[in-house]
Amino acid sequence: MCLAVPAKVIEKKDMVATVEVEGIRRDISLMLLPEANEGDYILMHAGFAIQVIDEEEAKITTKLLKEVLGTNEPASERNETDSSILA
């Protein structure tokens with residue numbers, strides 16, 4: 001099963017974006033989505049941005065992922081060094 005996770009682009013430098021998911025930041029590739037800009041919400045999969053989405057879609061998808069994972073608290077508050085949904 002493949003899973004794309006919504007994230008917000010915090011910073012863009014060439015073909016690398018720093019994105020944030022539930023308080024966790026990670027660098028991902030923009031090679032498949034070079035048109036993504038700072039402030040955009042994107043879907044990321046396997047370390048790549050694959051689609052720009054709107055903020056509402058990002059919120060709905062994040063809520064659904066939390067339901068599936070059985071948690072309502074951000075990963076950054078669960079004392080985890082890496083979020084399982086970022087893998």
Side-chain angles (χ1 to χ4, degrees):
M1 175 175 83
C2 295
L3 178 66
V5 178
K8 184 174 182 178
V9 178
I10 303 299
E11 182 179 349
K12 178 180 178 179
K13 190 173 186 180
D14 298 320
M15 294 307 250
V16 176
T18 300
V19 297
E20 184 173 274
V21 177
E22 293 294 295
I24 296 174
R25 290 189 179 193
R26 177 179 188 174
D27 290 337
I28 64 170
S29 174
L30 292 175
M31 290 182 69
L32 300 175
L33 195 67
E35 65 270 21
N37 293 305
E38 291 178 10
D40 285 347
Y41 285 85
I42 55 94
L43 288 177
M44 69 171 180
H45 172 69
F48 289 87
I50 60 172
Q51 182 179 347
V52 174
I53 59 173
D54 64 40
E55 184 176 4
E56 186 62 26
E57 184 176 351
K59 287 179 181 180
I60 291 168
T61 303
T62 299
K63 182 180 179 221
L64 291 170
L65 284 171
K66 287 179 179 182
E67 287 178 20
V68 169
L69 295 172
T71 181
N72 286 323
E73 57 189 33
S76 60
E77 294 179 13
R78 290 195 304 261
N79 296 323
E80 297 175 9
T81 56
D82 193 7
S83 173
S84 60
I85 62 172
L86 289 177

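By the rule that hydrophobic residues join a cluster once side-chain heavy atoms approach within less than 4.5 Å of another member, Tyr41 and Leu33 end up as members of separate clusters.
Residues in residues 35-60 take part in these salt bridge (Lys or Arg N to Asp or Glu O under 4.0 Å) pairs, two or more places apart or across chains: Glu55-Lys59.
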List the atom pairs, donor and acceptor, that lie under 3.5 Å between side-chain atoms in residues 4-21 and the rest of the protein, sequence neighbours left out.
{"residue": "Lys12", "atom": "NZ", "partner": "Pro34", "partner atom": "O", "Å": "2.8"}
{"residue": "Lys12", "atom": "NZ", "partner": "Ala36", "partner atom": "O", "Å": "2.8"}
{"residue": "Thr18", "atom": "OG1", "partner": "Asp27", "partner atom": "OD1", "Å": "2.7"}
{"residue": "Glu20", "atom": "OE1", "partner": "Arg25", "partner atom": "NE", "Å": "3.0"}

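The residue from Leu30, Ile28, Ile53 that alone fulfils the side-chain contact (heavy atoms from CB on, under 4.5 Å) condition with Ile42 is Ile28.
The line from CD of Glu22 to NZ of Lys66 is 3.5 Å long, rounded to the nearest 0.5 Å.
A 4.5 Å side-chain heavy-atom check between Leu65 and Leu3 finds at least one atom pair inside the cut-off.
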